[in-house]
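The block underneath contains the structure these notes are about, expressed in structure tokens.
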Amino acid sequence: MAWIKRHLIAFAAIAVLIYMLVPNVIVAAFSFNDPKGKYNYNFNEFSTAAWTNPCGAQGICESLGLSLQIGVIASLTATVLGTMIAFALGRYRFRGRSATNLLIFMPMATPEVVMGSSLLTLFLMLGVPSGRTAILIAHIMFCVSFVVVAVKARVATLDPKLEEAAADLGANPAQTFLRVTLPLAAPGIAAGALLAFSLSFDDYIITNFNASPSSITFPMYVWGASARGVPVQVYVIGTLMFLLALVVVLTGQLISSRRNRQVA
């Protein structure tokens, strides 16, 4: 009993991790299924047909490409804008700073249904047609808030003495920012960018309000396919996305561990 009490937190962490990974394991398993009928709910027969032809379902790769394109552009734009806002809020005191913090937080707290309908109304008033452009603007808008929060948390932990030391050694403001400040803030910026991409790629509600019949993203494709039977290729793409995210996280951990060993 004493040994169990000492490792209770570890057991709880493992249980939570298993609970979180079970859906991913099921998706990966059913990506090798050859379903009997149009619904992929029961494992019928092992098959790699979906893996050899991931674009076999009509329109799936077009919707995936659109989601990836919007996700990359939205995350890059939101990362640049959010990083600048985070440095301004974290480093400077100015009139309206508290109000700005509140405005940054509002898109995160607003229900997506309300935000999607509001954006649709705004675009109609401005004459912006529904479709790829409207979706991209909407994704950048709500991704900026998450980037600001991630980068601002990192900026708050930076030691200003390091920048002062660089200035004392003859570095100008641009050199100090590029060689000292930016590398130190890079983990927060990378985290914000990855979070923005995942939110953009996964969004359905806001996208559905502002999409057109010719701009079907991957989440919208999956939702539409669920009524007539989700193709096995969806499970294949989901598994690939999970593995890609896992590789990115593990690579980041390895790089961080190597840097820590070098510093030590």
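Keep in mind the model is a prediction, meaning the values are calculated, not measured.
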> Could Glu163 and Arg179 be called an ion pair, given the rule that one side-chain N must be under 4.0 Å from one carboxylate O?
Replying inline: no
> Counting N and O atoms only, with roles assigned by atom type, does the side chain of Arg154 sit under 3.5 Å from a partner on the main chain of Leu184, one being a donor and the other an acceptor?
Replying inline: yes
> Less than 6.0 Å separating the ring centroids of Phe87 and Phe177?
Replying inline: yes
> Do the rings of Phe32 and Trp51 sit parallel, tilted or perpendicular, given the 30° and 60° boundaries?
Replying inline: parallel
> Is a side-chain N or O of Thr83 found less than 3.5 angstrom from the main chain of Val80, in a donor-acceptor match?
Replying inline: no
> Would a distance-only check, ignoring hydrogens and angles, find a side-chain to backbone donor-acceptor pair under 3.5 Å from Ser75 to Gly71?
Replying inline: yes
> Judged by atom type as modelled, is there a donor-acceptor pair below 3.5 Å linking the side chain of Asn33 to the main-chain atoms of Asn42?
Replying inline: yes
> Ignoring hydrogens and geometry, is there a side-chain-to-backbone donor-acceptor pair from Asn44 to Asp34 under 3.5 Å?
Replying inline: yes
> Which pairs, with at least one residue in residues 92-106 and sequence neighbours excluded, count as a salt bridge (charged side-chain N to carboxylate O under 4.0 Å, His left out)?
Replying inline: none
>> Between Ser198 and Asp202, do the side chains contain a donor N or O and an acceptor N or O under 3.5 Å apart?
In response: no
> What residues, two or more places apart in sequence or in another chain, satisfy ring pair (Phe, Tyr, Trp, His ring centres under 6.0 Å) together with Tyr235?
Replying inline: none
> Between Thr121 and Ser118, do the side chains contain an N or O donor and an N or O acceptor separated by less than 3.5 Å?
Replying inline: no
> Is the side chain of Thr77 donor-acceptor paired with the backbone N or O of Ile73 at a distance under 3.5 Å, no angle test?
Replying inline: yes
> Below 4.5 Å, heavy atoms only, C-beta onward: do Phe197 and Leu76 meet side chain to side chain?
Replying inline: no
